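Since we're looking at a predicted model, the values are computed, not measured. Note on naming: letters A, B, ... go to the chains in the order of the sequence lines (proteins, then strands), and numbering restarts at 1 for each one.
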There are 2 protein chains.
Amino acid sequence: MERLKKLKPVDTLSLVDKVELRLLEFFKENNLGPGDPIPKELDFATNLGVSRTVVREALLRLRTLGLIESKKHRGMILKQPDIINNFERIMDPTLLGTKTLKNLFELRMILEMGMADFLFEHKTQKELDELEEIVEAEEATSTGKARFSLDKEVAFHGKLYQISKNDTLQRFQGLLLPVFEYVYLKETKDRDLDEYHYTKGTFVTHRMLLDNLKVGTPETFRNAMRRHLEPHFDHIFKNGKK
Amino acid sequence: MERLKKLKPVDTLSLVDKVELRLLEFFKENNLGPGDPIPKELDFATNLGVSRTVVREALLRLRTLGLIESKKHRGMILKQPDIINNFERIMDPTLLGTKTLKNLFELRMILEMGMADFLFEHKTQKELDELEEIVEAEEATSTGKARFSLDKEVAFHGKLYQISKNDTLQRFQGLLLPVFEYVYLKETKDRDLDEYHYTKGTFVTHRMLLDNLKVGTPETFRNAMRRHLEPHFDHIFKNGKK
DNA sequence: ATTTGTATTATGTCATACATATTATGATAT
DNA sequence: ATATCATAATATGTATGACATAATACAAAT
């Protein structure tokens, strides 16, 4: 009975699984890179000794992952995989678990805290002006309280990501946005941000962040951002402990 | 001729595209979430008025994205999509373009800069001890110079991510690792990190980061981390300007 | 009660045929 | 000769029907 332990499980991979792996091998063996055309489905099928169906499903997977692009009715070529794109289709807050949502919300805060150096490195006058406009529009409608309407919030922080000049980061935050909104709304239901007590009596507004971005340093900006995000940090850390 | 502008392009979506969207709608309409079983392929096919082939391809896409799990020969159920998993298969530095690589490298630095608050919030004595071990092992073999072997580097920073207690972040960094290594190696070829001149004459070692994590604050830690990463920041920003 | 056989079921795989869009090529008209 | 229009060739897209296979439940057997 004990001897059964020696028996290693046989590969239970489906044909499609195997073909997918073989295809990836094939691309590597032949040094195929983005832009290169690949053989047609039928050729793969006959050479691999499987039906076109199987080849097609394997190719479809790689296409779904963004590794292959299908020129309709003409052929397929390898493609530079688009990392972010895969997220987009599944980044639906209603389908993600609460734990993942929490993680993603935290991730966004980490990004905001960590991007300071890139902002200062890449900021331009034009962008500062645009940010200025956003803040002014905000001030015109705001009551001076801590709570902003969600769209103003999004506009301001979105602009920051844009200034970072990192496309991947920018698109990534675009994906995190629905999550942010989702959690934000849930959060503001629980308690009233207007009433929130900032540790030093004042809260850091978008205006202050902007001024800081203009004349400050990455270091001062990080500290300002930390205080700007304080309600969120507080919320996360408190809830984690209760 | 001008009137042609009014003509909006007809939907060029393939049947599979449409079915994929319909399926997603269906899940929402019926309030289906992770764990819930979904109708079988044939039922979808007859009800949608398309062949099983099309339904199957649409389902396969969602499966590839991790939205659906197929219990072999028994049926399919909705699944909590695994955000990170999709990355893993395509995160091959040789297949990613240099621009994306640069973005991802930057992204990793942003994460390291931004995670301080979470480290201080979640750190435990046990983890500090483990980090201590890592640093000691490192010091035993190191010459005291700025350059560390890659695996020590990975061990230390990997531990930090672990301390953050954010699974998504942790797995994300695991994916970024190959990119980091890839860029790191290219970087250290260009110039010698041993010779690197830190702005204040000293460089921040892992030991210092650890001590800071023990007795400092998120704020001091961020500043320490910034200086620890200074060679990388410098490299990125210099190259961007030339 | 545990094991073993059996029917059922939904997915996995196969084979074939036809539809459709793209491109190239050649035919036609001005 | 240039531009426009048919035509054929090609590879993917879609449809259909069939059978294989694995998971499960339940009956049968020891």
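- Look at CG on B:Leu60: it is 20 Å from P on C:dA10, rounded to the nearest Å.
- With distances taken from any side-chain atom of A:Val50 to the nucleotides C:dC14, D:dA15, C:dT11, the minimum falls on C:dC14.
- Between the CG atom of A:Asp17 and the C1' atom of D:dA22 there is a distance of 15 Å, given to the nearest Å.
- An OP1 or OP2 oxygen of C:dT16 is reached within less than 4.0 angstrom by no side-chain nitrogen or oxygen of A:Ser51.
- Both A:Ile38 and B:Val54 sit near DNA chain D, but only A:Ile38 has its closest nucleotide nearer the 5' end.
- Comparing atom distances between the A:Arg52 side chain and each of D:dT12, C:dC14, C:dT11 picks out D:dT12 as nearest.
- A salt bridge does not link B:Lys28 with B:Glu25: every distance from a Lys NZ or Arg NE/NH1/NH2 to an Asp or Glu carboxylate oxygen is 4.0 Å or more.
- Residue B:Arg56 places at least one side-chain N or O under 4.0 Å from the OP1 or OP2 atom of C:dG12.
- Between B:Thr53 and the phosphate of D:dT16, there is no side-chain N or O to OP1/OP2 separation shorter than 4.0 Å.
- Taking the side chain as every heavy atom from C-beta outward, B:Thr124 and B:Asp129 never approach each other to under 4.5 Å.
- A salt bridge is defined here as a Lys NZ or Arg NE, NH1 or NH2 lying under 4.0 Å from an Asp or Glu carboxylate O, and A:Glu127 with A:Lys159 fails to meet this definition.
- Counting to the nearest Å, the P atom of C:dT9 and the CD atom of B:Glu41 are 16 Å from each other.
- Rounded to an integer number of Å, the gap from B:Leu42 CG to D:dT16 C1' is 11 Å.
- Per the geometry, NZ belonging to A:Lys40 stands 7 Å off C1' belonging to D:dA11, to the nearest Å.
- For the pair B:Leu59 CG and D:dT14 C1', the computed distance is 16 Å after rounding to whole Å.
- Using a 4.0 Å heavy-atom cutoff across all strands shown, A:Glu57 reaches no nucleic acid atom at all.
- Rounded to an integer number of Å, the gap from A:Ile77 CD1 to D:dT12 C1' is 14 Å.
- Between B:Arg61 and B:Asp17 there is a salt bridge, since at least one side-chain N of the basic residue sits less than 4.0 Å from a carboxylate O of the acidic one.
- The CE atom of A:Met76 sits 15 Å away from the P atom of C:dT22 (whole-angstrom rounding).
- Close to C:dG12, at under 4.0 Å from its OP1 or OP2, lies a side-chain N or O of B:Arg63.
- Residues B:Glu121 and B:Lys165 are not paired through a salt bridge, judged by the lack of any N-O separation under 4.0 Å between the basic side chain and the carboxylate.
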